[in-house]
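Okay, so here's the structure we're looking at.
This structure is a prediction, so every number in the text was calculated from the model and none was measured. Proteins come first, then strands; the chains are lettered A, B, ... in the order of their sequence lines, and each starts at number 1.
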Amino acid sequence: MAKKPSIPKGTRDFSPLEVQRRQYIMNKIQHHFELYGFMPIETPSFENSDTLMGKYGEEGDRLIFKILNSGEYLKKTSPELLETGKENQLTSQISEKALRYDLTVPFARYVVQHQNDITFPFKRYQMQNVWRADRPQKGRFREFTQCDADVVGSNSLLQEVELVQLYDAVFTDLNLKACTIKINNRKVLAGIAQVIGADDKLIDFTVALDKLDKIGKEKVQEEMLSKGIDQKAIDLLDPVFSLTGSYADKIASMKVLLKDSQIGLKGIEELEFINSSITQMPLKSAVLDLDITLARGLNYYTGCIFEVAAPEGVAMGSIGGGGRYDDLTGIFGLKDVSGVGISFGLDRIYLVIEQLNLFPDSVRAGVEVLFINFGKSESQYCAGWLSRFRESGIKTELYPDSAKMKKQMSYADRNAIPYVILAGENEINDGKLNLKNMASGEQLQLTPEDIISRLR
RNA sequence: GUGGUUGUAGCUCAGUUGGUUAGAGCGCUGGUUUGUGGUGCCGGAAGUCGCGGGUUCGAAUCCCGUCUUCCACCCCA
(Lines give C-alpha, C1' and ligand atoms only; values in the text may rest on other atoms or scores of the structure.)
Protein backbone atom coordinates (compact mmCIF):
# COMPACT_ATOMS: atom_id res chain seq x y z
CA MET A 1 0.00 0.00 0.00
CA ALA A 2 1.19 3.49 -0.76
CA LYS A 3 2.14 5.80 2.06
CA LYS A 4 -0.96 6.92 3.87
CA PRO A 5 -2.01 10.47 3.06
CA SER A 6 -2.35 12.97 5.86
CA ILE A 7 -3.41 16.51 6.60
CA PRO A 8 -1.35 19.33 8.12
CA LYS A 9 -1.20 19.50 11.87
CA GLY A 10 -3.92 21.44 13.58
CA THR A 11 -6.40 20.76 10.77
CA ARG A 12 -9.23 18.27 10.73
CA ASP A 13 -11.53 16.36 8.42
CA PHE A 14 -15.19 16.37 9.37
CA SER A 15 -17.37 13.29 9.02
CA PRO A 16 -21.00 13.56 7.88
CA LEU A 17 -22.18 13.54 11.49
CA GLU A 18 -19.68 16.19 12.51
CA VAL A 19 -20.66 18.46 9.65
CA GLN A 20 -24.30 18.00 10.56
CA ARG A 21 -23.58 18.93 14.16
CA ARG A 22 -21.49 21.95 13.20
CA GLN A 23 -24.34 23.12 11.02
CA TYR A 24 -26.76 22.63 13.89
CA ILE A 25 -24.70 25.06 15.98
CA MET A 26 -24.13 27.51 13.14
CA ASN A 27 -27.82 27.57 12.27
CA LYS A 28 -28.71 28.54 15.83
CA ILE A 29 -26.07 31.26 15.91
CA GLN A 30 -27.10 32.59 12.52
CA HIS A 31 -30.75 32.58 13.52
CA HIS A 32 -30.09 34.78 16.53
CA PHE A 33 -27.68 37.04 14.65
CA GLU A 34 -30.48 37.78 12.23
CA LEU A 35 -33.07 38.21 14.98
CA TYR A 36 -30.83 40.95 16.38
CA GLY A 37 -30.59 42.66 13.02
CA PHE A 38 -27.15 41.63 11.80
CA MET A 39 -26.50 41.19 8.08
CA PRO A 40 -24.16 38.61 6.58
CA ILE A 41 -20.97 39.45 4.72
CA GLU A 42 -17.99 37.39 3.65
CA THR A 43 -14.41 38.41 3.04
CA PRO A 44 -11.50 36.61 1.35
CA SER A 45 -9.57 33.90 3.15
CA PHE A 46 -6.41 35.89 2.65
CA GLU A 47 -5.65 39.59 2.82
CA ASN A 48 -2.71 41.78 1.95
CA SER A 49 -0.16 41.32 4.69
CA ASP A 50 -0.14 44.97 5.69
CA THR A 51 -3.86 44.75 6.43
CA LEU A 52 -3.21 42.16 9.10
CA MET A 53 0.30 42.77 10.37
CA GLY A 54 0.67 44.90 13.45
CA LYS A 55 -2.96 44.64 14.51
CA TYR A 56 -2.65 41.81 16.99
CA GLY A 57 0.56 42.69 18.79
CA GLU A 58 3.91 41.07 18.42
CA GLU A 59 2.65 37.64 19.38
CA GLY A 60 -0.18 37.92 16.88
CA ASP A 61 2.16 38.78 14.03
CA ARG A 62 4.14 35.65 14.75
CA LEU A 63 1.00 33.53 14.51
CA ILE A 64 -0.19 34.88 11.17
CA PHE A 65 0.19 32.39 8.34
CA LYS A 66 2.13 34.12 5.60
CA ILE A 67 1.68 33.15 1.98
CA LEU A 68 4.82 32.85 -0.09
CA ASN A 69 4.77 35.02 -3.20
CA SER A 70 4.19 33.21 -6.47
CA GLY A 71 6.86 32.93 -9.09
CA GLU A 72 10.41 33.94 -8.37
CA TYR A 73 9.81 35.02 -4.85
CA LEU A 74 13.46 35.52 -4.07
CA LYS A 75 13.94 38.09 -6.82
CA LYS A 76 13.05 41.06 -4.64
CA THR A 77 15.29 40.10 -1.80
CA SER A 78 19.05 40.36 -1.56
CA PRO A 79 21.62 37.73 -0.63
CA GLU A 80 22.74 39.90 2.29
CA LEU A 81 19.29 39.86 3.80
CA LEU A 82 19.13 36.09 3.50
CA GLU A 83 22.48 35.81 5.24
CA THR A 84 21.73 38.16 8.11
CA GLY A 85 18.39 36.46 8.66
CA LYS A 86 16.41 39.53 9.58
CA GLU A 87 13.16 37.65 9.46
CA ASN A 88 10.77 40.57 9.55
CA GLN A 89 12.31 42.31 6.58
CA LEU A 90 12.73 39.09 4.69
CA THR A 91 9.14 38.05 5.28
CA SER A 92 7.76 41.29 3.96
CA GLN A 93 9.78 40.87 0.79
CA ILE A 94 8.91 37.29 -0.04
CA SER A 95 5.35 37.30 1.27
CA GLU A 96 2.76 39.95 0.46
CA LYS A 97 -0.36 38.06 1.44
CA ALA A 98 -1.47 36.29 4.60
CA LEU A 99 -4.36 34.11 5.78
CA ARG A 100 -6.80 36.00 7.94
CA TYR A 101 -6.19 35.69 11.66
CA ASP A 102 -9.63 36.74 12.81
CA LEU A 103 -12.77 38.29 11.33
CA THR A 104 -12.69 41.66 13.05
CA VAL A 105 -9.71 43.22 11.31
CA PRO A 106 -10.85 42.17 7.81
CA PHE A 107 -14.25 43.59 8.73
CA ALA A 108 -12.68 46.92 9.68
CA ARG A 109 -10.90 46.89 6.33
CA TYR A 110 -14.21 46.10 4.63
CA VAL A 111 -15.95 49.02 6.34
CA VAL A 112 -13.28 51.50 5.33
CA GLN A 113 -13.09 50.20 1.79
CA HIS A 114 -16.86 50.29 1.30
CA GLN A 115 -17.64 53.27 3.52
CA ASN A 116 -19.58 55.06 0.79
CA ASP A 117 -21.95 52.14 0.31
CA ILE A 118 -22.54 51.51 3.98
CA THR A 119 -25.28 53.04 6.06
CA PHE A 120 -24.17 53.50 9.64
CA PRO A 121 -24.61 52.11 12.16
CA PHE A 122 -23.69 48.97 10.28
CA LYS A 123 -24.39 45.59 11.83
CA ARG A 124 -22.86 42.60 10.16
CA TYR A 125 -22.28 38.98 10.99
CA GLN A 126 -19.71 36.67 9.50
CA MET A 127 -19.10 32.95 9.95
CA GLN A 128 -15.88 31.87 8.33
CA ASN A 129 -12.64 30.07 8.96
CA VAL A 130 -9.56 31.76 10.38
CA TRP A 131 -6.01 30.46 10.61
CA ARG A 132 -3.35 30.74 13.26
CA ALA A 133 0.14 29.25 13.14
CA ASP A 134 -0.22 28.16 16.72
CA ARG A 135 0.83 24.89 18.23
CA PRO A 136 -2.30 22.76 18.48
CA GLN A 137 -3.60 21.53 21.81
CA LYS A 138 -6.91 20.97 23.52
CA GLY A 139 -9.56 23.04 21.76
CA ARG A 140 -6.91 24.83 19.76
CA PHE A 141 -6.52 24.35 16.06
CA ARG A 142 -4.64 25.99 13.25
CA GLU A 143 -7.80 26.25 11.20
CA PHE A 144 -11.04 27.00 12.98
CA THR A 145 -14.34 28.74 12.53
CA GLN A 146 -15.39 31.98 14.12
CA CYS A 147 -18.90 33.39 14.15
CA ASP A 148 -18.75 37.13 14.66
CA ALA A 149 -21.32 39.87 15.09
CA ASP A 150 -20.14 43.48 15.11
CA VAL A 151 -21.70 46.92 15.04
CA VAL A 152 -19.77 49.89 13.74
CA GLY A 153 -20.76 53.51 13.79
CA SER A 154 -22.46 53.69 17.15
CA ASN A 155 -21.05 54.67 20.50
CA SER A 156 -24.15 53.59 22.33
CA LEU A 157 -23.65 51.27 25.24
CA LEU A 158 -26.97 49.71 24.30
CA GLN A 159 -24.95 47.74 21.78
CA GLU A 160 -22.91 46.16 24.54
CA VAL A 161 -26.12 45.32 26.36
CA GLU A 162 -27.59 43.74 23.26
CA LEU A 163 -24.47 41.71 22.62
CA VAL A 164 -24.62 40.28 26.12
CA GLN A 165 -28.23 39.34 25.47
CA LEU A 166 -27.26 37.84 22.15
CA TYR A 167 -24.69 35.63 23.83
CA ASP A 168 -27.33 34.55 26.31
CA ALA A 169 -29.90 33.86 23.59
CA VAL A 170 -27.55 31.64 21.60
CA PHE A 171 -26.24 29.64 24.53
CA THR A 172 -29.73 29.20 25.90
CA ASP A 173 -30.93 27.97 22.53
CA LEU A 174 -28.03 25.50 22.41
CA ASN A 175 -29.10 24.26 25.83
CA LEU A 176 -25.72 25.28 27.17
CA LYS A 177 -26.78 26.33 30.63
CA ALA A 178 -24.88 28.54 33.02
CA CYS A 179 -22.20 29.89 30.77
CA THR A 180 -20.40 32.79 32.38
CA ILE A 181 -20.14 35.96 30.38
CA LYS A 182 -17.19 37.73 31.91
CA ILE A 183 -17.03 41.43 31.37
CA ASN A 184 -14.44 44.08 32.06
CA ASN A 185 -13.42 47.41 30.63
CA ARG A 186 -10.08 48.48 29.24
CA LYS A 187 -10.66 51.94 30.68
CA VAL A 188 -10.83 50.46 34.13
CA LEU A 189 -7.55 48.66 33.53
CA ALA A 190 -5.99 51.85 32.23
CA GLY A 191 -7.33 53.62 35.29
CA ILE A 192 -5.78 51.11 37.65
CA ALA A 193 -2.44 51.40 35.89
CA GLN A 194 -2.72 55.16 36.21
CA VAL A 195 -3.57 55.09 39.89
CA ILE A 196 -0.66 52.83 40.74
CA GLY A 197 1.64 54.83 38.51
CA ALA A 198 2.32 52.18 35.89
CA ASP A 199 0.71 53.72 32.80
CA ASP A 200 3.70 52.88 30.68
CA LYS A 201 3.51 49.22 31.70
CA LEU A 202 -0.18 48.81 30.89
CA ILE A 203 0.24 45.73 28.68
CA ASP A 204 2.62 43.89 30.99
CA PHE A 205 0.41 44.81 33.87
CA THR A 206 -2.80 43.50 32.32
CA VAL A 207 -1.19 40.33 30.99
CA ALA A 208 0.06 39.51 34.47
CA LEU A 209 -3.23 40.41 36.15
CA ASP A 210 -5.12 38.20 33.75
CA LYS A 211 -3.42 35.14 35.19
CA LEU A 212 -4.68 35.73 38.71
CA ASP A 213 -7.19 32.88 38.89
CA LYS A 214 -4.76 30.56 37.18
CA ILE A 215 -1.48 31.05 39.02
CA GLY A 216 -2.51 32.99 42.13
CA LYS A 217 -1.69 36.30 43.71
CA GLU A 218 1.95 35.60 44.63
CA LYS A 219 2.97 34.50 41.17
CA VAL A 220 1.20 37.45 39.57
CA GLN A 221 3.06 39.81 41.86
CA GLU A 222 6.32 38.10 40.98
CA GLU A 223 5.63 38.50 37.29
CA MET A 224 4.77 42.16 37.73
CA LEU A 225 7.99 42.75 39.63
CA SER A 226 9.99 41.04 36.93
CA LYS A 227 8.37 43.30 34.35
CA GLY A 228 9.57 46.35 36.23
CA ILE A 229 6.47 47.32 38.15
CA ASP A 230 7.63 48.42 41.56
CA GLN A 231 6.59 46.99 44.90
CA LYS A 232 4.77 50.16 45.97
CA ALA A 233 2.54 49.95 42.92
CA ILE A 234 1.85 46.29 43.57
CA ASP A 235 0.86 47.04 47.16
CA LEU A 236 -1.67 49.52 45.86
CA LEU A 237 -3.21 46.71 43.86
CA ASP A 238 -4.22 44.76 46.91
CA PRO A 239 -7.91 45.71 46.73
CA VAL A 240 -7.98 44.39 43.16
CA PHE A 241 -6.53 41.05 44.15
CA SER A 242 -9.06 40.55 46.90
CA LEU A 243 -12.13 41.76 45.08
CA THR A 244 -15.20 39.69 45.97
CA GLY A 245 -18.97 39.87 46.14
CA SER A 246 -21.59 40.74 43.59
CA TYR A 247 -21.16 42.80 40.45
CA ALA A 248 -22.41 45.83 42.37
CA ASP A 249 -20.05 45.19 45.32
CA LYS A 250 -17.07 45.04 43.00
CA ILE A 251 -18.15 48.25 41.30
CA ALA A 252 -18.38 49.97 44.67
CA SER A 253 -14.86 48.99 45.74
CA MET A 254 -13.40 49.88 42.38
CA LYS A 255 -14.98 53.31 42.57
CA VAL A 256 -12.98 53.99 45.71
CA LEU A 257 -9.73 52.78 44.19
CA LEU A 258 -10.21 54.74 40.99
CA LYS A 259 -11.50 57.97 42.55
CA ASP A 260 -8.62 59.98 41.08
CA SER A 261 -8.67 58.46 37.62
CA GLN A 262 -11.02 60.06 35.18
CA ILE A 263 -10.67 57.33 32.62
CA GLY A 264 -11.07 54.64 35.25
CA LEU A 265 -14.30 56.13 36.51
CA LYS A 266 -15.58 56.38 32.96
CA GLY A 267 -15.02 52.64 32.59
CA ILE A 268 -16.81 51.97 35.85
CA GLU A 269 -19.73 54.05 34.72
CA GLU A 270 -20.00 52.00 31.53
CA LEU A 271 -19.90 48.74 33.44
CA GLU A 272 -22.55 50.07 35.80
CA PHE A 273 -24.86 50.98 32.95
CA ILE A 274 -24.59 47.56 31.38
CA ASN A 275 -25.28 45.83 34.65
CA SER A 276 -28.34 47.89 35.44
CA SER A 277 -29.71 47.32 31.95
CA ILE A 278 -29.21 43.59 32.25
CA THR A 279 -30.79 43.59 35.69
CA GLN A 280 -33.92 45.09 34.17
CA MET A 281 -34.02 42.44 31.46
CA PRO A 282 -32.53 39.39 33.14
CA LEU A 283 -30.58 36.84 31.16
CA LYS A 284 -32.26 33.50 30.49
CA SER A 285 -29.45 31.12 31.38
CA ALA A 286 -26.06 32.79 31.27
CA VAL A 287 -24.46 34.66 34.14
CA LEU A 288 -22.93 38.10 33.70
CA ASP A 289 -19.89 38.45 35.88
CA LEU A 290 -17.61 41.41 36.37
CA ASP A 291 -14.05 40.17 36.26
CA ILE A 292 -11.56 42.94 36.83
CA THR A 293 -8.69 40.61 36.01
CA LEU A 294 -10.05 39.93 32.54
CA ALA A 295 -7.51 41.58 30.30
CA ARG A 296 -7.24 39.48 27.25
CA GLY A 297 -8.56 40.45 23.97
CA LEU A 298 -6.61 41.79 21.09
CA ASN A 299 -4.64 44.99 21.02
CA TYR A 300 -7.36 47.05 19.48
CA TYR A 301 -9.93 46.90 22.28
CA THR A 302 -10.51 50.17 24.11
CA GLY A 303 -13.74 49.84 26.10
CA CYS A 304 -15.75 46.91 27.36
CA ILE A 305 -14.28 43.47 26.81
CA PHE A 306 -16.07 40.13 26.96
CA GLU A 307 -15.13 36.57 27.34
CA VAL A 308 -17.38 33.54 27.70
CA ALA A 309 -16.46 30.62 29.90
CA ALA A 310 -18.05 27.21 29.35
CA PRO A 311 -20.34 25.80 32.06
CA GLU A 312 -18.64 24.74 35.27
CA GLY A 313 -16.83 21.43 35.08
CA VAL A 314 -15.90 21.66 31.42
CA ALA A 315 -12.20 22.23 30.93
CA MET A 316 -12.06 24.44 27.90
CA GLY A 317 -10.59 27.82 27.11
CA SER A 318 -12.99 30.63 26.37
CA ILE A 319 -15.73 29.77 23.91
CA GLY A 320 -16.35 33.37 22.92
CA GLY A 321 -14.88 36.81 23.23
CA GLY A 322 -15.24 40.37 22.07
CA GLY A 323 -15.29 43.98 22.98
CA ARG A 324 -15.40 47.63 21.99
CA TYR A 325 -12.75 49.10 19.70
CA ASP A 326 -12.90 52.84 19.21
CA ASP A 327 -10.39 53.27 16.49
CA LEU A 328 -9.90 50.12 14.49
CA THR A 329 -11.07 51.72 11.26
CA GLY A 330 -8.81 54.66 12.01
CA ILE A 331 -5.83 52.45 11.22
CA PHE A 332 -7.25 52.12 7.72
CA GLY A 333 -7.99 55.82 7.44
CA LEU A 334 -11.56 56.24 8.65
CA LYS A 335 -11.69 58.24 11.87
CA ASP A 336 -14.34 58.40 14.55
CA VAL A 337 -16.09 55.14 13.82
CA SER A 338 -16.44 53.12 16.95
CA GLY A 339 -17.12 49.42 16.78
CA VAL A 340 -18.11 46.69 19.17
CA GLY A 341 -18.50 43.00 18.53
CA ILE A 342 -18.50 39.48 19.83
CA SER A 343 -17.25 36.18 18.54
CA PHE A 344 -18.40 32.60 19.00
CA GLY A 345 -15.72 29.91 18.78
CA LEU A 346 -17.59 27.23 16.86
CA ASP A 347 -15.02 24.49 17.34
CA ARG A 348 -14.82 24.89 21.08
CA ILE A 349 -18.57 25.20 21.47
CA TYR A 350 -18.80 21.93 19.56
CA LEU A 351 -16.40 20.24 21.95
CA VAL A 352 -18.29 21.51 24.97
CA ILE A 353 -21.68 20.40 23.63
CA GLU A 354 -20.19 17.04 22.75
CA GLN A 355 -18.68 16.59 26.19
CA LEU A 356 -21.97 17.48 27.87
CA ASN A 357 -23.84 15.21 25.51
CA LEU A 358 -26.16 17.97 24.41
CA PHE A 359 -26.45 17.27 20.70
CA PRO A 360 -30.08 16.35 20.01
CA ASP A 361 -30.54 12.89 18.51
CA SER A 362 -32.39 14.49 15.66
CA VAL A 363 -29.11 15.97 14.46
CA ARG A 364 -27.93 13.17 12.25
CA ALA A 365 -26.77 12.54 8.74
CA GLY A 366 -28.48 10.22 6.35
CA VAL A 367 -31.85 9.29 4.98
CA GLU A 368 -35.06 8.37 6.75
CA VAL A 369 -36.12 5.61 4.40
CA LEU A 370 -34.22 2.95 2.49
CA PHE A 371 -35.90 0.99 -0.29
CA ILE A 372 -34.54 -2.53 -0.44
CA ASN A 373 -33.46 -3.51 -3.93
CA PHE A 374 -34.93 -6.87 -5.00
CA GLY A 375 -33.86 -6.68 -8.61
CA LYS A 376 -34.50 -4.87 -11.82
CA SER A 377 -38.29 -4.94 -12.15
CA GLU A 378 -38.87 -4.40 -8.43
CA SER A 379 -36.53 -1.41 -8.29
CA GLN A 380 -38.28 0.12 -11.28
CA TYR A 381 -41.54 -0.17 -9.37
CA CYS A 382 -39.87 1.54 -6.41
CA ALA A 383 -38.35 4.30 -8.50
CA GLY A 384 -41.69 5.98 -9.04
CA TRP A 385 -42.40 6.00 -5.34
CA LEU A 386 -38.89 7.22 -4.57
CA SER A 387 -39.65 10.49 -6.35
CA ARG A 388 -42.99 10.81 -4.62
CA PHE A 389 -41.32 10.35 -1.24
CA ARG A 390 -38.71 12.96 -2.07
CA GLU A 391 -41.27 15.44 -3.35
CA SER A 392 -43.00 15.01 0.00
CA GLY A 393 -39.81 16.04 1.74
CA ILE A 394 -38.83 12.60 2.99
CA LYS A 395 -35.13 11.80 2.65
CA THR A 396 -35.16 8.57 0.73
CA GLU A 397 -32.81 6.29 -1.11
CA LEU A 398 -32.88 3.02 -2.99
CA TYR A 399 -30.08 0.57 -2.37
CA PRO A 400 -28.16 0.72 -5.63
CA ASP A 401 -27.51 -3.00 -6.13
CA SER A 402 -29.74 -6.00 -5.69
CA ALA A 403 -27.39 -7.32 -3.05
CA LYS A 404 -28.29 -9.85 -0.43
CA MET A 405 -30.96 -8.85 2.04
CA LYS A 406 -28.55 -9.23 4.89
CA LYS A 407 -26.16 -6.76 3.34
CA GLN A 408 -28.89 -4.25 2.58
CA MET A 409 -30.41 -4.56 6.02
CA SER A 410 -27.13 -4.10 7.78
CA TYR A 411 -26.42 -1.09 5.59
CA ALA A 412 -29.63 0.42 6.94
CA ASP A 413 -28.74 -0.64 10.42
CA ARG A 414 -25.25 0.81 10.42
CA ASN A 415 -26.35 4.07 8.90
CA ALA A 416 -29.07 4.32 11.52
CA ILE A 417 -31.76 4.59 8.89
CA PRO A 418 -35.03 4.45 10.85
CA TYR A 419 -37.25 2.87 8.15
CA VAL A 420 -36.79 0.30 5.46
CA ILE A 421 -39.27 -0.42 2.68
CA LEU A 422 -39.51 -3.85 1.14
CA ALA A 423 -41.32 -4.11 -2.16
CA GLY A 424 -41.11 -7.50 -3.79
CA GLU A 425 -43.54 -9.51 -5.89
CA ASN A 426 -46.29 -9.74 -3.25
CA GLU A 427 -46.31 -6.03 -2.48
CA ILE A 428 -46.26 -5.08 -6.14
CA ASN A 429 -49.27 -7.27 -6.86
CA ASP A 430 -51.18 -5.71 -3.95
CA GLY A 431 -50.09 -2.18 -4.86
CA LYS A 432 -48.60 -1.82 -1.39
CA LEU A 433 -45.26 -1.40 0.30
CA ASN A 434 -43.90 -3.16 3.35
CA LEU A 435 -42.70 -0.59 5.88
CA LYS A 436 -40.31 -1.83 8.51
CA ASN A 437 -39.42 0.16 11.59
CA MET A 438 -35.80 -0.72 12.25
CA ALA A 439 -35.88 0.12 15.93
CA SER A 440 -38.97 -1.91 16.87
CA GLY A 441 -38.83 -4.47 14.09
CA GLU A 442 -42.51 -3.84 13.39
CA GLN A 443 -43.61 -4.38 9.78
CA LEU A 444 -46.76 -3.13 8.10
CA GLN A 445 -48.28 -3.59 4.65
CA LEU A 446 -49.45 -0.13 3.68
CA THR A 447 -50.28 1.85 0.61
CA PRO A 448 -47.52 4.28 -0.41
CA GLU A 449 -49.80 7.22 0.37
CA ASP A 450 -50.31 5.96 3.89
CA ILE A 451 -46.58 5.70 4.41
CA ILE A 452 -45.97 9.21 3.13
CA SER A 453 -48.55 10.71 5.44
CA ARG A 454 -47.15 8.73 8.36
CA LEU A 455 -43.58 9.83 7.80
CA ARG A 456 -44.13 13.41 6.83
C1' G B 1 8.72 29.96 20.30
C1' U B 2 9.69 26.56 25.32
C1' G B 3 8.98 21.79 27.94
C1' G B 4 6.94 16.94 27.99
C1' U B 5 4.27 12.91 25.41
C1' U B 6 2.84 9.65 21.36
C1' G B 7 3.37 6.80 16.65
C1' U B 8 2.59 -1.44 15.58
C1' A B 9 -3.62 -4.15 10.67
C1' G B 10 -9.44 0.40 8.88
C1' C B 11 -10.02 1.53 14.64
C1' U B 12 -8.36 0.70 19.99
C1' C B 13 -4.13 -1.39 21.67
C1' A B 14 -0.58 -6.03 23.34
C1' G B 15 4.39 -7.25 22.02
C1' U B 16 8.26 -10.21 27.66
C1' U B 17 16.28 -8.81 29.12
C1' G B 18 17.03 -7.11 20.90
C1' G B 19 16.43 -13.79 18.46
C1' U B 20 12.74 -18.10 13.86
C1' U B 21 6.66 -16.95 9.41
C1' A B 22 4.55 -9.60 14.52
C1' G B 23 -0.52 -10.74 17.96
C1' A B 24 -5.69 -9.58 20.29
C1' G B 25 -10.44 -7.20 20.36
C1' C B 26 -13.57 -4.46 17.32
C1' G B 27 -14.41 -3.52 12.18
C1' C B 28 -14.33 -5.44 7.04
C1' U B 29 -15.42 -9.81 3.95
C1' G B 30 -17.54 -14.95 2.92
C1' G B 31 -20.54 -18.92 4.95
C1' U B 32 -24.23 -20.39 8.64
C1' U B 33 -32.29 -22.27 4.68
C1' U B 34 -32.96 -19.22 -1.55
C1' G B 35 -37.36 -12.09 1.09
C1' U B 36 -35.12 -9.43 6.79
C1' G B 37 -30.28 -5.86 10.36
C1' G B 38 -28.57 -5.15 15.40
C1' U B 39 -26.72 -11.10 19.64
C1' G B 40 -24.38 -16.61 18.14
C1' C B 41 -21.06 -20.13 15.38
C1' C B 42 -17.20 -21.27 11.39
C1' G B 43 -13.74 -19.36 7.71
C1' G B 44 -10.87 -15.25 5.09
C1' A B 45 -8.24 -10.80 3.65
C1' A B 46 -5.33 -7.07 5.63
C1' G B 47 0.83 -4.41 8.79
C1' U B 48 8.54 -3.15 4.66
C1' C B 49 5.94 -1.96 13.42
C1' G B 50 5.63 6.91 11.33
C1' C B 51 10.03 8.16 8.13
C1' G B 52 15.58 8.38 7.51
C1' G B 53 20.21 6.99 9.37
C1' G B 54 23.30 4.25 13.01
C1' U B 55 24.88 0.05 16.56
C1' U B 56 24.48 -5.51 15.98
C1' C B 57 25.33 -12.00 13.30
C1' G B 58 20.24 -10.28 14.14
C1' A B 59 16.11 -4.25 15.77
C1' A B 60 8.98 -3.17 16.46
C1' U B 61 12.46 -3.47 20.73
C1' C B 62 18.90 0.23 21.74
C1' C B 63 21.10 5.29 19.82
C1' C B 64 20.66 9.91 16.67
C1' G B 65 17.76 12.88 13.51
C1' U B 66 13.03 14.11 11.46
C1' C B 67 7.80 14.33 11.00
C1' U B 68 3.22 13.36 13.59
C1' U B 69 -0.23 13.02 18.04
C1' C B 70 -1.73 14.72 22.58
C1' C B 71 -0.76 17.91 26.94
C1' A B 72 1.20 22.21 29.60
C1' C B 73 3.50 27.14 29.00
C1' C B 74 3.32 31.62 25.79
C1' C B 75 -0.88 33.42 23.53
C1' C B 76 -5.78 32.76 22.17
C1' A B 77 -11.70 30.94 19.90
Side-chain angles (χ1 to χ4, degrees), chain A residues 1-12 15 25 29 56-64 87 101-104 127-148 167 203 206-208 210-211 214-215 219 223 294-299 301 305-310 315-323 341-352 370 372-375 378 399 402-428 434-443:
Chain A
M1 204 200 293
K3 191 180 178 230
K4 258 181 258 171
S6 62
I7 53 175
K9 77 163 129 178
T11 65
R12 295 148 299 153
S15 67
I25 300 173
I29 294 175
Y56 309 101
E58 209 176 305
E59 187 71 18
D61 281 358
R62 211 192 75 206
L63 297 178
I64 292 174
E87 284 166 18
Y101 178 89
D102 72 354
L103 300 177
T104 308
M127 304 199 284
Q128 292 188 277
N129 281 353
V130 303
W131 294 268
R132 296 185 186 176
D134 221 343
R135 221 183 251 198
Q137 58 182 275
K138 194 186 182 92
R140 166 180 296 186
F141 310 98
R142 301 182 106 179
E143 175 182 66
F144 61 100
T145 306
Q146 287 195 326
C147 308
D148 277 32
Y167 262 140
I203 300 225
T206 52
V207 167
D210 186 42
K211 295 177 193 161
K214 209 165 183 179
I215 62 176
K219 289 266 169 73
E223 179 165 336
L294 177 65
R296 28 179 74 198
L298 292 317
N299 266 15
Y301 291 130
I305 47 183
F306 305 106
E307 184 176 303
V308 184
M316 181 62 63
S318 55
I319 57 176
I342 56 173
S343 179
F344 291 81
L346 174 67
D347 306 79
R348 288 187 178 175
I349 292 171
Y350 183 106
L351 291 171
V352 171
L370 174 75
I372 297 292
N373 188 330
F374 282 99
E378 289 90 340
Y399 197 87
S402 63
K404 294 194 171 155
M405 277 290 277
K406 184 182 169 91
K407 192 173 164 78
Q408 299 193 42
M409 292 302 285
S410 61
Y411 172 83
D413 187 49
R414 255 179 290 118
N415 286 301
I417 297 172
Y419 294 98
V420 160
I421 287 180
L422 300 99
E425 210 181 322
N426 299 342
E427 287 82 2
I428 293 174
N434 186 336
L435 178 72
K436 170 160 178 158
N437 179 324
M438 289 297 279
S440 65
E442 180 191 27
Q443 282 181 240

Distance check, [atom1] atoms only: [N] and [M], in whole angstrom units.
N: B:G1; M: B:U61; atom1: P; answer: 28 Å
N: B:A22; M: B:G4; atom1: C1'; answer: 30 Å
N: B:C70; M: B:C62; atom1: C1'; answer: 25 Å
N: B:U69; M: B:U8; atom1: P; answer: 13 Å
N: B:G3; M: B:C74; atom1: C1'; answer: 12 Å
N: B:G10; M: B:A59; atom1: C1'; answer: 27 Å
N: B:U29; M: B:U66; atom1: P; answer: 42 Å
N: B:U5; M: B:C42; atom1: C1'; answer: 43 Å

For A:Gly345 and for A:Lys138, locate the closest nucleotide of RNA chain B by heavy-atom distance; then report the residue assigned to the nucleotide nearer the 5' terminus.
A:Lys138
Could you say whether A:Ile7 or A:Arg142 is positioned toward the 5' end of RNA chain B, judged by the nucleotide with the nearest heavy atom to each?
A:Ile7
Answer yes or no for this row: A:Tyr411 ring on B:G37 base, centroids under 5.5 Å, planes under 30°.
no
For A:Ile7, is there any backbone N or O sitting under 3.5 Å from a side-chain donor or acceptor partner on A:Arg12?
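Side chain of A:Arg12 to backbone of A:Ile7, a donor-acceptor pair under 3.5 Å: no, none is there.
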Using only atom types and a distance under 3.5 Å, with no angle test, would you say the side chain of A:Gln408 pairs donor to acceptor with the backbone of A:Met405?
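Not a single qualifying donor-acceptor pair exists.
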Contact check, side chains of A:Met409 and A:Met438, non-hydrogen atoms, under 4.5 Å
yes
Would a 4.5 Å heavy-atom cut-off, applied to side chains only, mark A:Gln128 and A:Asp148 as touching?
no
Going by the angle between their ring planes, with limits at 30° and 60°, are A:Tyr411 and A:Tyr399 parallel, tilted or perpendicular?
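Ring orientation of A:Tyr411 relative to A:Tyr399: perpendicular.
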Say you draw a straight line from NZ of A:Lys404 to CG of A:Asn373; how long is it, rounded to the nearest 0.5 Å?
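It is 15.0 Å, given to the nearest 0.5 Å.
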Of the nucleotides B:U36, B:A77, B:G1, which one has an atom closest to the side chain of A:Gln146?
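Looking only at heavy atoms from C-beta outward on A:Gln146, the closest nucleotide is B:A77.
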[N] base / [X] side chain donor-acceptor hit below 3.5 Å:
X: A:Arg135; N: B:U2; result: yes
X: A:Arg140; N: B:A77; result: no
X: A:Arg348; N: B:C76; result: yes
X: A:Asp413; N: B:G37; result: yes

Please give me the minimum heavy-atom distance between A:Ala423 and A:Phe374, naming the atom from each residue.
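Here A:Ala423 and A:Phe374 meet closest at O-CD1, 3.4 Å.
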Regarding [X], tell me which of base, sugar-phosphate or nothing describes its non-hydrogen contacts under 4.0 Å with the strands shown.
X: A:Arg62; answer: base
X: A:Ala310; answer: nothing
X: A:Gly57; answer: nothing
X: A:Gly60; answer: nothing

Secondary-structure string, 5' to 3', Watson-Crick or G-U under 3.5 Å, | for another-strand partners, for RNA chain B
((((..(..((((.....[...)))).(((((.......))))).....(((((..]....))))))..))))....
Compare side-chain N and O positions of [X] against OP1 and OP2 of [N] and report whether any pair is under 4.0 Å apart.
X: A:Gln137; N: B:A72; value: yes
X: A:Lys211; N: B:C74; value: yes
X: A:Lys407; N: B:U29; value: yes
X: A:Lys406; N: B:G37; value: no

